[in-house]
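What follows is a short report on a single structure.
Order of the sequence lines fixes the chain letters, A, B, ..., with proteins taken first and strands second; residue numbering starts at 1 for each chain.
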Amino acid sequence: MAESFLTEVVEPVAPTPPVARDVAPVLAVEGVTKRFPGVVALDDVSVEFYPGEVHAVVGENGAGKSTLMKVLAGAYRPDSGTIRLDGAPVVFNHPSEAQAAGISIIYQEFNLLPERTVMENIFLGREPHRFGVIDYGRLEEDTLAVLKRLEAEALISPTALLGGLSVAQQQVVEIAKALSYDAKVLIMDEPTAALAQQEVAVLTALVRRLQARGIAIIFISHRLVEVFELAQRVTVLKDGQKVATAPTKDVTMSKIVEMMVGRVLSDYFPERARPEDIGAMALRLSGAGNAALRDIDLELRAGEIVGVAGLQGSGRTALAQAIFGVQPFQSGAMEIHGRAELFRTPAQAIRNRFGYVTEDRKYEGLTLKQPINDNIMLTLRSLRAKLSRAFRNGTRADRDLAVELAQRVDVRAPGMDREVQFLSGGNQQKVVLAKWLATDARVLIFDEPTRGIDVEAKASIHERIRELARAGAAVLMISSELPEVIGMSDRIVVMWDGTIVGELPAGAGEADIMHLATGFAESSRNEEKSV
Amino acid sequence: MTAISPPAAQPSAVGRARQWLRDRNVPPVYGILVIIFIVAILLDAFFGIDDELFILNQTILTNILVRSVALGIVAVGQTFVMVGASIDLSVAYLISVTAVGASYLMAGDPNRVWWTVLVLFVVGIVVGLINGTLITRLRINSLIATLGVGLILRGLLNATFENFAGSVPASFQTFAYGTIGPLPISVLVLFLVVLAGWFVLRRMRYGSHLYAVGGSEEVARLSGLRTERVLTMAHVICSVTAVLTGLFVVSRLRAGAPWVGTDGLYDLESIAATVIGGTALSGGKGGVWGTLAGVLIFSILDTMFNQIGIDAYMKQILRGAIIILAVGFYTFRSKAEQG
């Protein structure tokens, strides 16, 4: 299927893309390295991008895709290496410089003003004018002209208020804005993530039109199926390094998956649960769904850790939020400890002894400007009557409990009155953990428990999570890091496109997980059906 | 919804009227203005202290408009600042400075009017530049920066003047009391200021850029705008309108005293009128026509309260309630729009 698609796309534009190439690359990255504290995000990466070609950049979370895009778009400056535009080396200090030079980037979060019209958005800062008075007639004409180049003039009115448009239409406006800068290179970060199926078709058509105009298109995607539909060339990144660049017609999806994974498992993880440790059913979902999720079937027992793998946007966090009552399920059934129950608010979940360690501890998990003990006691204090743990603020019992919990999770700080904002990431996470210990949570959901935490503290967090399970808690652990999911979990469920696409036993391989997580398994299943 | 509805189902008259207003970007605050006007007439008819309805009395109607001038002019400036997602608390103090400065410098001499006015506008521009610089370059929160500047102005003024100082010449009082036919000059000035404000915001590049900066500074910056300059300019415009209001106030009072600006509550009321008019505190939306309606609402209320003899404290309570209601209404509406 990908084959036929490819010939159809490529024929009029670039007859023989890979072999005998007489076209010079419009944009070239040579030996680019970018370091952040504690991590090399890009390690000596070299890639060339050609006009009229769609070039996909794929890789696991944290492989360096976003960093590469930001370097190209002028948001980051590389520590070393060269970027060449039309052969000449360029240095961008600001995204607007890259844009002026012809490199536009479209982020997942659009850079548009919802309260302004389409034309005001597209030509912001470049409005046609006479003595400072905007020539609205020309502004509308110019906008229409840009939209026409995208064959989107029937889809979008220049005078429409941007906020009233659908996500797909707003994306077209973003693309039109990029085009109005005479972009030679257009970078799209996960352009299809927020789109419905038929909207993806519109985008696909749009991309082909841009391609036919000789624009180089770089797109990041987690969806390999789309990569093979849209791109003529694919670059695989892993741990900040380039694994390979290849024409899509010369590689298979499973080959790409293989290149994306295959890291050595060197970290130490605590021992897994033995069969006798696993107890009663703590949580059961059957056919549960909401706007972001569908047909979720999941069982979680006391004493076990179930890992949730999946790429960004696969519904991992939505699942945690649905269980915890942040964005409740709207269909299907949920059972806790054998009785039907559906949380409508987080307070309800907490009362039922659920705990949720969020992905973003700084904004959702902690009050950064308050001391350790207040953070630990936060939830317990607000819901103490409901949780029937008798104690009073400011009493000795209150302080003792906070100290005890802090010791239990091994928070390292000069004192309990230390403001949480001054702690390291690892210690902050331990404070969040202690907060849920205070409420005596029996079902715990972790979303990226070790993101941004150094290796030593990571091991300590892993140990704490396992201890909780050993003490009889049921743990659901979401993580982008496959080694963590594999190392920690007693079972692994893999999510894709808002649902659970498979379950794997403890110790499953990275490749197996990635096959499920990229939707590759789904698409091949569909193909089998159609054959 | 309207697009799919079959042609047979004609929208109701109300629906069509609403669409007509929306197509012309009439701020919803005009609905509130009309309602309050009607309520005022009814209250006046039943509880008014004299037999005549204020709506039929040209003096009272003119009075409503004249009452709006001082607040209206500075509220236009405040609207600029707030569209840019900033705020200016120094206006009341700057009005005092202008009023006192004008009467002191003019000292009753008609020959000194023009250069005094010039000097005061320069003072306004400088204050605006200071406000803008503090906020955009030093990144001081606008509330604190302008409050600080305002307090400094007050200190300077109180250190120099204790009471009414000097006076403006009779010729200068034409600004406040002169008329062209039936129309007071001051009302004409207010109207011209609003018109100019509308033109700059809605027809000029500068206005478009200011909305962008207020809507999202990041988006504006990524589009290559010099956001610091845009916002500083808004503060300069605001300070200039404060000076103009100060000139009107002193022209009315004949002499300025250090408390005329703060007693007039021009800082908080200009913000309130702007917010009632539909300009969001978070910036990026709204406009001067809405603000004008907000100011008129205040004037109508004041006039009506006088007509039916409500005491001053009750007046303040009702004003406060109306501000809360109006803003609550906008929040409710924008939530409903988001679905």
Check your understanding: For the candidates Gly224(B), Ser216(B), Ala212(B), Gly284(B), which exhibits the highest count of non-hydrogen atom pairs separated by less than 4.5 Å from chain A?
Key ->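 Sorted descending by pairs with chain A, the first entry is Ala212(B).
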Quick one: [atom1] on [X] to [atom2] on [Y], what's the gap to the nearest 0.5 Å?
{"X": "Phe131(A)", "Y": "Met204(B)", "atom1": "CZ", "atom2": "CE", "answer": "11.0 Å"}
{"X": "Glu115(A)", "Y": "Ser282(B)", "atom1": "CD", "atom2": "OG", "answer": "8.5 Å"}
{"X": "Ser208(B)", "Y": "His129(A)", "atom1": "OG", "atom2": "NE2", "answer": "11.5 Å"}

Measure distances from [X] to the heavy atoms of chain B and classify the residue's part below 4.5 Å as side chain, backbone, both or neither.
{"X": "Phe110(A)", "result": "neither"}
{"X": "Glu127(A)", "result": "both"}
{"X": "Arg130(A)", "result": "neither"}

Review point. Does atom OH of Tyr30(B) have more than 12 heavy-atom neighbours, drawn from other residues, nucleotides or ligands, at distances under 6.0 Å?
Key: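 Yes, because the 6.0 Å sphere around OH of Tyr30(B) holds more than 12 heavy atoms from other groups.
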Practice item. Look at atom CD of Gln327(A) and say whether more than 12 heavy atoms of other residues, nucleotides or ligands are closer to it than 6.0 Å. Key: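 It does not: Gln327(A) CD has 12 such atoms or fewer within range.
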Practice item. Give the minimum heavy-atom separation between Val219(B) and Leu112(A), together with the two atoms involved. Key: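 That closest heavy-atom pairing would be CG2-N, 3.9 Å.
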**Study point:** Minimum-distance pair of heavy atoms, taken over all atoms of Ile134(A) and Arg205(B)
**Key:**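 So the two residues come closest at CG1-N, 3.4 Å.
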I want to check something: taking the side chain as every heavy atom from C-beta on, are [X] and [Y] in contact at a cut-off of under 4.5 Å?
{"X": "Lys177(A)", "Y": "Ser223(B)", "value": "yes"}
{"X": "Tyr211(B)", "Y": "Arg116(A)", "value": "yes"}
{"X": "Leu222(B)", "Y": "Pro95(A)", "value": "yes"}

Check your understanding: Side chain, backbone, both or neither: which part of Arg226(B) has a non-hydrogen atom closer than 4.5 Å to chain A?
Key ->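 Contact with chain A is absent: no heavy atom of Arg226(B) under 4.5 Å.
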Check your understanding: So which of Pro128(A), Ala75(A), Gly132(A) has the biggest tally of heavy-atom pairs under 4.5 Å with chain B?
Key ->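 The answer is Gly132(A).
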